[in-house]
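One structure is given here, and the rest of the page talks about it.
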2 protein chains.
Amino acid sequence: AIAQHAAALFDSGLLAGQRVVITAGPTREALDPVRYISNHSSGRMGFALARAAVDAGARTTLVSGPVQLATPAHVRRVDVESAQQMLDQCLELLPECDIFIACAAVADYRPATFASQKIKKGAERSSLELVRNPDIVATVAASSAAPFTVGFAAETSKLLEYAQAKMENKQLDMIVANDVAGAGIGFNSDENAATVLWPGGSEVLEQASKLNIARRIIALIAKQMKNSSE
Amino acid sequence: AIAQHAAALFDSGLLAGQRVVITAGPTREALDPVRYISNHSSGRMGFALARAAVDAGARTTLVSGPVQLATPAHVRRVDVESAQQMLDQCLELLPECDIFIACAAVADYRPATFASQKIKKGAERSSLELVRNPDIVATVAASSAAPFTVGFAAETSKLLEYAQAKMENKQLDMIVANDVAGAGIGFNSDENAATVLWPGGSEVLEQASKLNIARRIIALIAKQMKNSSE
């Protein structure tokens, strides 16, 4: 409790007056009324970031896919299912957003068609046509008057290489690279470890609780925003 | 509490000495280390059946896909992810099973290949090759020394027609038909309504709590087993 209180005091005011929007959790892409494609994201990292942002004095909104988590105190939460719904909500929030953190594990693809009736079992083999989902973080970063935009790269190989390329291609201000293949960290775990990259720098965050990692990411965002405004 | 106690007394001993295996929840079919295909089954109906079976005196095992539910008292629980794992567990339990209730919402198809690394985003359109999953309830019903086998039919249209055909094709002893398109019942709901069919008869179970529906299904199973052994 003392450590938590100390952390709160340390962070207090770092993002005072800033409006933060954070996406969290998986998305679900419906095939029909009962079936969907999704992923193992628990939403814990995004929710930890929301708590850390509130502790740092920010007005914080979570745009969350389906998760089994309580909303942190003082956080506004908007629930969505699909990537398209998540994008729509983020664009609606964009005019009042200074910092955008895209922590959700958004499905890259969705079924090309939605069957309004449950699809009946048929042939031994089948194939599911997929179309690319909108790229939420790239859309936000490319908008006129874009907020300070932070992406996440969850990879199982060539982590830093992919993360660096993703940051450059999508013109992000920062990217958090974490290796979801690591045991004891990442999806559905209470702990995480990551490397944070920004244009011209990086910092390794050793394995710690997701809240601890979240506080350090929030502190790095505050520092980078201060540097780039000077 | 009095009503619950009365129900317990009423059911008590109906399945005394019987060994019941119940599948519950969705299955998850992995595309790669992070993505999967699944469905909206909450597992509540299967877990309610397990509780009702225990109350009726049965030795009860739940083979459950990923759900957010506590295991009912005195129920043995085996957790699985995929349809193939669920089938393997059921076949392992089959030599000691008198009644098999297939309540799980098993994925009809799984991805034809599993990518051990996270699949990278590529073309604007893509397609996912799928192969049929094993049919768990049909496999059990077709086994030599098959238990009394109960299937579920969750449909959004032509409910009784599909359910009757499913019972006949798979040689089931009973099938529970429920309309998952109905508001307030079915997947992720606390209530359910169903029509129970068996060769030569049927009974409509009006909307009620899943535990109430479960108790009535258990009573119908006991009655049918008694009739067919006479």
Side-chain angles (χ1 to χ4, degrees), chain A residues 26-42 66-69 81 105-112 115-135 138 153-159 162 165-166 169 179-182 186-188, chain B residues 26-42 66-69 81 105-112 115-135 138 153-159 162 165-166 169 179-182 186-188:
Chain A
T27 64
R28 282 184 182 169
E29 310 296 330
L31 278 73
D32 68 19
V34 294
R35 299 185 182 86
Y36 58 82
I37 300 177
S38 192
N39 64 67
H40 290 290
S41 170
S42 65
V67 297
Q68 306 280 339
L69 295 172
E81 288 259 327
V106 180
D108 293 330
Y109 291 92
R110 67 175 180 276
S116 61
Q117 299 292 331
K118 186 181 166 192
I119 301 162
K120 300 296 295 175
K121 202 157 34 181
E124 197 54 40
R125 297 184 76 89
S126 181
S127 107
L128 181 61
E129 295 305 310
L130 301 171
V131 293
R132 276 275 289 275
N133 264 327
D135 187 327
E155 303 289 350
T156 52
S157 67
K158 296 189 192 171
L159 179 59
Y162 283 140
K166 195 170 175 179
N169 294 337
D179 186 347
V180 291
F187 283 10
N188 272 312
Chain B
T27 64
R28 282 185 184 169
E29 309 298 329
L31 279 73
D32 68 19
V34 293
R35 298 185 183 88
Y36 58 82
I37 299 177
S38 191
N39 63 66
H40 290 290
S41 171
S42 66
V67 297
Q68 304 280 339
L69 295 172
E81 287 258 327
V106 180
D108 294 329
Y109 291 91
R110 66 174 181 276
S116 61
Q117 299 293 329
K118 185 181 167 193
I119 301 162
K120 298 298 293 176
K121 201 157 34 177
E124 197 54 40
R125 298 184 75 90
S126 181
S127 109
L128 180 62
E129 295 306 309
L130 302 170
V131 293
R132 277 276 287 275
N133 263 329
D135 187 326
E155 303 289 349
T156 52
S157 66
K158 296 187 191 171
L159 178 60
Y162 282 141
K166 195 169 175 179
N169 294 338
D179 185 348
V180 290
F187 284 9
N188 270 312

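As the structure is a computational prediction, the values presented were derived from the model and not from experiment. Residue numbers begin at 1 in each chain, while the letters A, B, ... track the order of the sequences.
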(message) Between A:E129 and chain B, with a heavy-atom cut-off of 4.5 Å, which part of the residue counts as in contact: side chain, backbone, both or neither?
(response) both

(request) Name the option with the most non-hydrogen atom pairs under 4.5 Å to chain A; the candidates are B:A123, B:A107, B:A112. (result) B:A123

(request) Please round to the nearest 0.5 Å and tell me the distance separating atom OG of A:S38 and atom CG of B:N39. (result) 12.0 Å

(request) Pick one of side chain, backbone, both or neither for B:Y109, based on which atoms fall under 4.5 Å of a heavy atom in chain A. (result) side chain

(message) So for B:E124, is it side chain, backbone, both, or neither that comes closer than 4.5 Å to the heavy atoms of chain A?
(response) both

(message) Heavy-atom pairs under 4.5 Å with chain B - which of A:P66, A:P26, A:S127 has more of them than the others?
(response) A:S127

(request) Quick one: list whatever passes side chain to side chain donor-acceptor pair (under 3.5 Å) with B:D135, sequence neighbours left out. (result) B:K170

